[in-house]
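The structure presented is a predicted model; accordingly, all values stated were derived computationally and were not measured. A, B, ... follow the sequence lines: proteins, then strands. Residue 1 opens every chain.
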Amino acid sequence: MVTMTDEHDHDSKPELPADVRVRFCPSPTGTPHVGMVRTALFNWAEARHTHGTFVFRIEDTDAARDSEESYNQILEALRWLGLDWDEGIEVGGPDGPYRQSQRGDIYRKVARQLLDAGYAYESYSTAEEIEARNLAAGRPKSFGYDGYDRDLTEEERRSFRDQGRRPAIRVRMPDEDVAFDDLIRGRIEFKAGSVPDYVIVRPNGDPLYTLTNPVDDALMRINVVLRGEDLLSSTPRQIVLYRYLTELGVAQGTPLFGHMPYVMGQGNKKLSKRDPESNLFLHRENGFIREGLLNYLALLGWSIGPDRDVFSMDEMVEKFDIRDVKANPAHFDIDKAVAINAEHIRMLDPQDFLNRSLPYLKRDGAVTADRWEELTGREREVLTAAAPLVQPRVRLLGEVSGMVGSLLSQEDYIEPEPDARKQLKESAGAVLDLAVKALEPVGEADWKTDNLHAILTHALVEEGGYKPRLAFGPVRVAVSGRRVSPPLFESLEILGKETTLRRMQNLRARL
RNA sequence: GCCCCCGUCGUCUAACGGUUAGGACACCAGACUUUCAAUCUGACAGCGAGAGUUCGACUCUCUCCGGGGGUACCA
């Protein structure tokens, strides 16, 4: 098949298993954000690079925060981005169901096994009681759980139950250091005693992430866990749980872990869901294309090689190795993201560029349909002519409407935008008069870019004595209403003689 | 308090003990030009600090400093 030649040695980083199984397992809370996408991307790329398996599961164990809307958005996000999965949501697989809300029986059974084996125990302490004990013992409030219920006798437990109390279930942490080799960070060691016994099932019977995540990873035979840095400090307790699960035959060992750095926002803060820059769909609305956004996100922590930062997903898959990812947090820089997106827009086949622009044009009312086949003949004609002019000068698809709107429109007057109006000097009226006069005699057959260029240059610059800026500025504003537009003479040709002249006359009349 | 992570231009990164520390974005200047953009050229700008190891450290070790995360019956 494919020979994987490793160009880099990954010093202390572990070797990957022969059959990589990674997963993406978001909680459906809120709208998809870019940090989440980056996590999905790196998992996907690792699976594709190694010809492994990418599993997609939903962790909806928190009924209070999860929503169906968010679930649907996450699905839509992955599909839009083209990050396809091999097993999981909607595609199925051998280890379903793939929504944790439908796997309650599994968790209950495993929790029972853990309890029976003594790896977990019933804990009746309330948060208030724990805090009170810590205070009384002179420990800081944030000391955490003190192990009070570890060795409750049967009598004590019965007495709690008789008071009407229901127990949470806690995992018993051994008093020893826990270490592992992170795929991104190398060796990480946690000191003994730094992780308290933790809850895996609520008193009401709801299983928590602390249980469901490792259990599902085990049952789905995930052997490489690539997740956010925020989960790093929960890794020792998961490793301990994996040991127990392996003893019980639920797991076949402990997976490899790789903790990806944060995506940062303004200041030194993690990009939060509140931050508009974190909103994937907002970026899409603004006109990011998947290639551009994915490329940019890949740059946050990973590099395809020296002196190179624009690449396709195929190229990324070919080169990607999670062990090359940097461990330090990266700031989300919208300017660079937009610049990368612009590069990808320019690489699009012109017709593809047009097709992808249509939803934006439709949204902005510049066009009558968002599908090429449903456009009018004139719309198709104008867009085909305008595409090569517009494609190199937009950075986001959301900018296309502004660029071609005045060409698509058949209005006889375009109200200049404020910054375009500012371009109009006192001479604008005289310039427009001259331009109209020079263009009126031009026959339809001669209404061509080069000819129009020659005629206007002659009339306005050579004979009129105006500097190019003063000569062509008013013409541009008249036909486009904007300071920035596609090339002027090409625009005039596309627009046609009649509309061009009327727009110039109408602007002239309103000066 | 305790535990853990991180530290190269403003930002994203390259460098794997030997380079004038490279590239990209942003910014500035210039060229081109019918505007804007694109393009081209140039400029600006960095190894957090200090020890140690070494013939030689951005690269290895330690300390400090700085930033971040965790310490939940959230994930």
With sugar-phosphate meaning primed atoms plus P, OP1 and OP2, does [X] contact a base, only sugar-phosphate, or nothing at under 4.0 Å between heavy atoms?
{"X": "A:Pro261", "answer": "nothing"}
{"X": "A:His453", "answer": "base"}
{"X": "A:Tyr296", "answer": "nothing"}
{"X": "A:Gly305", "answer": "nothing"}

Between the side chains of [X] and [Y], does any donor sit under 3.5 Å from an acceptor?
{"X": "A:Gln266", "Y": "A:Asp275", "value": "no"}
{"X": "A:Thr235", "Y": "A:Gln238", "value": "no"}
{"X": "A:Asp216", "Y": "A:Tyr98", "value": "no"}

Find the partner of [N]: check Watson-Crick (N1-N3 plus N6-O4 or O6-N4) and G-U wobble (N1-O2, O6-N3) distances, both under 3.5 Å, and reply none if neither fits.
{"N": "B:rU53", "answer": "none"}
{"N": "B:rA38", "answer": "none"}
{"N": "B:rU71", "answer": "B:rG1"}
{"N": "B:rC65", "answer": "B:rG7"}
{"N": "B:rC32", "answer": "none"}
{"N": "B:rA43", "answer": "none"}
{"N": "B:rU20", "answer": "none"}

Could you check how far [atom1] of [X] sits from [atom2] of [N], rounded to whole Å?
{"X": "A:Leu456", "N": "B:rU35", "atom1": "CG", "atom2": "P", "value": "14 Å"}
{"X": "A:Asn341", "N": "B:rA24", "atom1": "CG", "atom2": "P", "value": "19 Å"}
{"X": "A:Phe180", "N": "B:rC5", "atom1": "CZ", "atom2": "P", "value": "9 Å"}
{"X": "A:Asn295", "N": "B:rG23", "atom1": "CG", "atom2": "P", "value": "20 Å"}
{"X": "A:Arg483", "N": "B:rA37", "atom1": "CZ", "atom2": "P", "value": "7 Å"}
{"X": "A:Asp333", "N": "B:rC9", "atom1": "CG", "atom2": "P", "value": "15 Å"}
{"X": "A:Arg421", "N": "B:rU35", "atom1": "CZ", "atom2": "P", "value": "22 Å"}

Pair of N/O donor and acceptor under 3.5 Å linking B:rU35 base with A:Arg469 side chain: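 Looking at the base of B:rU35, it does not pair with any donor or acceptor on the side chain of A:Arg469 (distance under 3.5 Å).
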[N] phosphate, OP1 or OP2, under 4.0 Å from [X] side-chain N/O:
{"X": "A:Lys336", "N": "B:rA24", "result": "no"}
{"X": "A:Ser194", "N": "B:rC4", "result": "no"}
{"X": "A:Asn328", "N": "B:rU8", "result": "yes"}

Measuring only the [atom1] atom in each nucleotide, how far is [N] from [M]? A whole number of Å is fine.
{"N": "B:rC27", "M": "B:rU11", "atom1": "P", "answer": "16 Å"}
{"N": "B:rG69", "M": "B:rC9", "atom1": "C1'", "answer": "27 Å"}
{"N": "B:rA49", "M": "B:rG67", "atom1": "C1'", "answer": "15 Å"}
{"N": "B:rC44", "M": "B:rA21", "atom1": "P", "answer": "15 Å"}
{"N": "B:rA14", "M": "B:rC74", "atom1": "P", "answer": "38 Å"}
{"N": "B:rG23", "M": "B:rU8", "atom1": "C1'", "answer": "13 Å"}
{"N": "B:rU59", "M": "B:rG7", "atom1": "P", "answer": "12 Å"}
{"N": "B:rC62", "M": "B:rC6", "atom1": "P", "answer": "13 Å"}

Distance under 6.0 Å and angle within 45° of the ring axis: does A:Arg476 meet both against A:Phe472?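 Checked: cation-pi criterion not met.
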From the list B:rC25, B:rC36, B:rC4, which nucleotide is the closest neighbour of the side chain of A:Ile188? B:rC4
